[in-house]
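Below is one structure, written out as structure tokens, with a few remarks after it.
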Amino acid sequence: MNYKLVLASNSPRRRELLAGLGVDFEVRVLDGIDESYPEDLKATETAEYIARKKAAAYKPTMADDELVITADTVVIVGDEVLGKPRDEADAARMLRKLSGRTHQVMTGVCLVTQQQTVHFAVTTDVTFKQLTEAEISYYIQKYKPLDKAGAYGIQEWIGYIGCTGLKGSYYNVMGLPVQRIYTEIESLRGLNFSTFQTLIYSSA
């Protein structure tokens with residue numbers, strides 16, 4: 001079967017990263033998916049849990065010849081999970097927590113067809129210098145990072161001036177571990193990446 005690839009995300013960064021693999025895909029977004037998780041869930045299990053929850057919501061809508069990618073990214077500092085900030089004050093709080101220390105960026109991914117499901121999480125360690133209040137304020141005012149886990153985008157100004165070290169996948173910090181996705185698709189039973197490279201399927 002030739003599978004059609006579907007990215008279940010409205011993130012422009014995830015669209016850009018998946019397009020970098022040289023495959024055609026459709027973007028499909030369902031509204032109203034519950035992204036909550038149990039309070040007693042370990043911080044390191046959160047992203048994968050939410051990615052699987054998203055996949056479960058998409059599965060009833062899928063055709064037999066579709067492979068859907070769902071993903072969720074969180075920032076973990078200590079034992080605290082930092083999702084998207086509620087407002088600018090919350091964004092400033094998050095950036096102060098990240099300032100001068102190493103944190104983890106974890107993206108959970110689920111690859112689902114009607115026949116198979118694969119899920120995993122990828123972690124990258126990111127170290128920030130001690131950020132000044134002026135730097136935090138400038139970044140929030142100019143870049144409005146309210147749609148980003150941990151209140152920052154590594155590819156933006158704050159990453160240029162603030163990131164002093166990174167261990168793991170840079171693209172994972174942007175929101176999609178494309179190398180791991182490539183590997184996992186290759187390992188799925190009966191699939192290989194050339195299946196998608198030969199599709200004539202318009203991007204949305």
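Residue numbers count from 1 along this sequence.
Considering only residues two or more places apart in sequence or on other chains, R52 meets the salt bridge (Lys or Arg N to Asp or Glu O under 4.0 Å) condition with none of them. Among residues two or more places apart in sequence or in another chain, the salt bridge (Lys or Arg N to Asp or Glu O under 4.0 Å) test is passed with E133 by R96. For T44, the side-chain contact (heavy atoms from CB on, under 4.5 Å) partners are K42, I76, M106, not counting sequence neighbours.
The 12-atom threshold is not exceeded at CG of D79, counting heavy atoms of other residues, nucleotides or ligands nearer than 6.0 Å. Residue K167 places its NZ atom among 12 or fewer non-hydrogen atoms of other residues, nucleotides or ligands, all under 6.0 Å distant. Enclosure of atom OH in Y139 by more than 12 non-hydrogen atoms of other residues, nucleotides or ligands within 6.0 angstrom is indicated. Atom NZ of K84 is surrounded by 12 or fewer heavy atoms from other residues, nucleotides or ligands within 6.0 Å. Counting heavy-atom neighbours within 6.0 Å of K97 NZ, excluding the residue itself, gives a total of 12 or less. For K142, the NZ atom counts as loosely surrounded, since its 6.0 Å shell holds 12 or fewer non-hydrogen atoms of other residues, nucleotides or ligands.
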TODO: Could you give me the CA-CA distance, side-chain angles and deciding distance for T132 and E135, then say whether side chain to side chain contact (heavy atoms under 4.5 Å, CB included) is met?
DONE: CA-CA 5 Å; T132 68; E135 289 165 342; 3.1 Å; yes
TODO: Output, in order, the C-alpha distance, side-chain angles, deciding distance and verdict of salt bridge (charged side-chain N to carboxylate O under 4.0 Å, His left out) for E66 and R28.
DONE: CA-CA 12 Å; E66 291 180 335; R28 187 180 304 161; 2.7 Å; yes
Open item on the list: Using the rule given for side-chain hydrogen bond (donor to acceptor under 3.5 Å, both in side chains), can you reason through K53 versus S36, listing the C-alpha separation, both sets of side-chain angles and the distance that settles it, and then say yes or no?
Closed with: CA-CA 9 Å; K53 200 171 185 180; S36 63; 3.3 Å; yes
TODO: Check the pair F128 / Y152 against ring pair (Phe, Tyr, Trp, His ring centres under 6.0 Å), numbers first and verdict last.
DONE: CA-CA 11 Å; F128 272 8; Y152 81 92; 4.9 Å; yes
- [ ] Test C163 against V126 for side chain to side chain contact (heavy atoms under 4.5 Å, CB included), laying out the working first.
- [x] CA-CA 7 Å; C163 180; V126 182; 4.0 Å; yes
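Using a 4.5 Å heavy-atom threshold, the side chains of D125 and L166 count as separate.
A side-chain hydrogen bond (donor to acceptor under 3.5 Å, both in side chains) with N172 is found for exactly one of T124, T123, T73, namely T124.
In this model, no donor atom of one side chain and acceptor atom of the other lie less than 3.5 Å apart for Y160 and Q155.
R93 and E80 are joined by a salt bridge, as a carboxylate oxygen and a charged side-chain nitrogen come within less than 4.0 angstrom of each other. Under a 4.0 Å N-O distance rule, the pair D147/R13 qualifies as a salt bridge.
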